[in-house]
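See structure below.
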Amino acid sequence: MIARVSLEIALRKEFDYSIPAELAGQIDVGSRVQVPFGSRKILGVVTAVAEESGHANLKPILKVIGAQTLVTPKVLKLARWIGEYYCCAPEIALKSVLPEAVRKEDAGWRERLFVRALAVTGEFPKLPKRQQEVWNIVEERRELPLAELLELTKTTAATVRKLEDRGLVSITSEVSERDPYARETILPTQNIILNPAQAQALGEITKAMDTENSSRTFLLHGVTGSGKTEIYLQALAHALEQGKGAMVLVPEISLTPQTVERFKARFSSGKLQTLVAVLHSHLSAGERHDEWHKIRQGRARIVIGARSAIFAPVEPLGLIIVDEEHEQTYKQEEAPRYHARDVAVMRGQMENAVVVLGSATPSMESYANCKKGKFTLLNLPERVDDQKMPQVRVVDMRQAMFKEKGPPLFSPQLKEAIKQRLERGEQTILFLNRRGYSTSLMCPKCGYVANCPNCSVSLTYHRIEQKLSCHICGHNEKVPLVCPEPKCKNPAIRFAGTGTQKVEEVLAKLFPKARVKRMDADTMKRKDDYRHVLGDFRAGKLDILVGTQMIAKGLHFPNVTLVGIIYADSALHQPDFRAGERTFQLLTQVAGRAGRGDVEGEVFVQAFTPFHPAIQFARRHDFVGFYEQEIEFREQLKYPPTSRVALLTLKGRSEEKVKFSADHLKRELEKKLKNLKDLVIAGPAPAPLLRAENFYRYQIMLRTRAMSALSRELAIIVQSLTLPDDVTLAVDIDPVSLS
Ligand code: ADP
Ligand code: ZN
């Protein structure tokens, strides 16, 4: 017997190996194996098994990893599709479907020594005092880890060994499963009676699940607090009743203990503790290994995780839920550059599973798919319990600016609103999408701006750490006391723009008694920071939470009655056709944090372009209105969802070479893609962020409706393209960010 193996190196080629007699019966499609390759040993996945090979003198497979095949045939098929559609080497796609901890052979099960009491026959021996103490504990517990026993009795393993010699206990090595949630006490919850809109939505989903051989995709459009999660929970229960498994994807950032707990509480209390497996980047490699294998062994039936959980080997698969489907983080920003939502829809089709995409602010793509009849739209127009949507007030900062010198951080309206909340003992969230103190350092005399030496961006001033730092590459420098231009040396060098540190500082001056905490990438460095701050906020130990993106999503705090958005238009001025959509989503999401309890919420949106449609539609909570006007703009310019985009980025240290290569690629594309009728080739042009980490970047943007056809052609062009050694090309199909 021989096996065809896809190696973990991007060769776009598979190799045949012989299966040695001692491994016969252990190797199948999907097995992870180690094979010789030249003088090296390389890991790979078996993609086919056959009687014989067309090649002679095959080398033998060296070893098999894991007792079970790791890549199921269904996941293998999905990986193949990803390689083709996202235009990347199949080995790269295949590699990404297994978590690192499962792929690498070293992170195996954890074995621990257990001590177990044996049945005593005959008369019980008289033991020395120490041994008797140890025995008493073992007898009482019947079985416990050796390490725990030693800890409890403050003794050494030698004492326990003596009990073993006497035939009183056994010491054996056993797999001890790591459970990342072992320390949590999670109380079980029951189904909630659904309101009519929820009941109807759930009914349609379960009906589709009950229909044989029909994969359907639903878009559940429901405002924040409209009860979407309750629908997910009940649809998951339905999948379990059908004897099927399911997965729930959430953006990494909303994978908080709070979210996980809601799912665990419904499905895995008591003895069924392994029913819900969790996969995300905050787990240790060992925990990830164990969680993944619980799924593979079929003991976990529901998977909740971030982007890459879409590859979990759940079988048979009945339901895939993608919460906050509009989130950019579903897109992987390195090869394979897949979009987990789109992969979910594809996987649903391949495995006849129902897919539910949920959002308060659906992506233009998904909503357009509903209009085209590809997805089915389900609406939850109101909050549960008749809670009102928060009042959103847009504050025109141009007016606020005339009254004082320069734009103030807080408009008088927002200041007053914060004061009221403090007096009433209610909580406030303040949002600003920039960390640091000031966003740039400039000299008003000569116009000098402190820029990163490696990237085409200005450096951000971090006051607490007293440094200038680049948010792209992490470069840090000291803060100059005078303008560094040799001819200028102006001491009145100034900071411009505002970051979260400054908001925190100004708040401390305005409201010295308020208990304020800042949440951004600078303060949230350790694994538990996030949890602690949110815990304190929930417990009412804080009055005001200041933060970036991190606090925009998913959080549910009943006592928050005020949300302030410091600069609503900062996201609008991005060189990206999705800038308006992003702003609308962000404002709506942040606003959704207010008034989730009994008191109606209020939101202040401070803006310099208060009449921009993204701001005005967000103010009225009008997603459909926003969609209708935005789709016109996309249609006119043939941008997604009207067409699809492939973004080709060339990157290198010499701008000249990059530019030359881009021109060369453009000519190749024009020559070889003539038969794609609706294709638009734009560029090459410098990327919006021309220079990042010392690399220059130029882009070519391709737009077409027939992306699968374009991907196929691109793969051929990319393979035969010759570029200078130090210039690389990245192909991004359906990019979510153009920078
Ligand atoms: P979403 O996911 O849309 O933000 P949730 O499902 O989190 O909304 O619902 C918000 C809150 O309302 C949760 O505490 C949830 O338990 C509760 N809830 C959901 N559905 C109902 C209902 N029909 N009646 C009362 N409370 C509900
Ligand atoms: Zn930099």
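Atoms within each ligand, like the ligands themselves, are counted from 1 in listed order.
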Item to check | Side-chain ion pair, Glu261 and Arg266, N-O less than 4.0 Å | outcome: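 A salt bridge is absent here (no side-chain N lies under 4.0 Å from a carboxylate O).
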Next on the checklist: Checking contacts here: is it the side chain or the backbone of Ile192 that comes within 4.0 Å of ligand 1, counting heavy atoms only? Could be both or neither.
Outcome noted: side chain
Item to check | Partner set under side chain to side chain donor-acceptor pair (under 3.5 Å) for Glu365, not counting sequence neighbours | outcome: Arg578
Item to check | Pick from Glu230, Gln234, Arg262: the one approaching atom 15 (C) of ligand 1 most closely through a non-hydrogen atom | outcome: Arg262
Next on the checklist: Given Val384, Leu194, Leu380, identify the one with the heavy atom nearest to atom 21 (C) of ligand 1.
Outcome noted: Val384
Item to check | Beyond-backbone contact of Val356 with Leu378, side-chain heavy atoms, under 4.5 angstrom | outcome: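 Contact flag for Val356/Leu378 side chains = no.
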[X] side chain to [Y] main-chain N or O, any donor-acceptor pair under 3.5 Å?
{"X": "Asp520", "Y": "Thr523", "answer": "yes"}
{"X": "Gln427", "Y": "Phe537", "answer": "yes"}
{"X": "Gln242", "Y": "Met209", "answer": "yes"}

Checklist entry - Near the Zn ion (ligand 2), which protein N/O/S atoms are found at less than 2.8 Å? => result Cys452 SG, Cys455 SG, Cys470 SG, Cys473 SG
Next on the checklist: Just verifying a value: how many Å separate Phe431 CZ and Thr500 OG1, rounded to the nearest 0.5 Å?
Outcome noted: 10.5 Å
Item to check | contact_flag Ser226 ligand 1 heavy-atom lt 4.0 Å | outcome: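 Yes, that is the case, since the closest heavy atom of the residue is under 4.0 Å from the ligand.
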Next on the checklist: Is it the case that ligand 1 has an N or O less than 3.5 angstrom from some N or O of Ile193?
Outcome noted: yes
Next on the checklist: Out of all atoms in ligand 1, which are within 4.0 Å of some heavy atom of Asn195? Include the element for each.
Outcome noted: 23 (N)
Next on the checklist: Could you tell me, atom by atom, which parts of ligand 1 come under 4.0 Å of a heavy atom of Val223?
Outcome noted: 3 (O)
Item to check | Over-ring placement of Arg653 relative to Tyr696, 6.0 Å and 45° cut-offs | outcome: no
Item to check | Cation-pi check, Arg463 onto Tyr461 ring (under 6.0 Å, within 45° of axis) | outcome: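 Relative to the ring axis of Tyr461, which defines the angle, Arg463 lies outside at least one limit.
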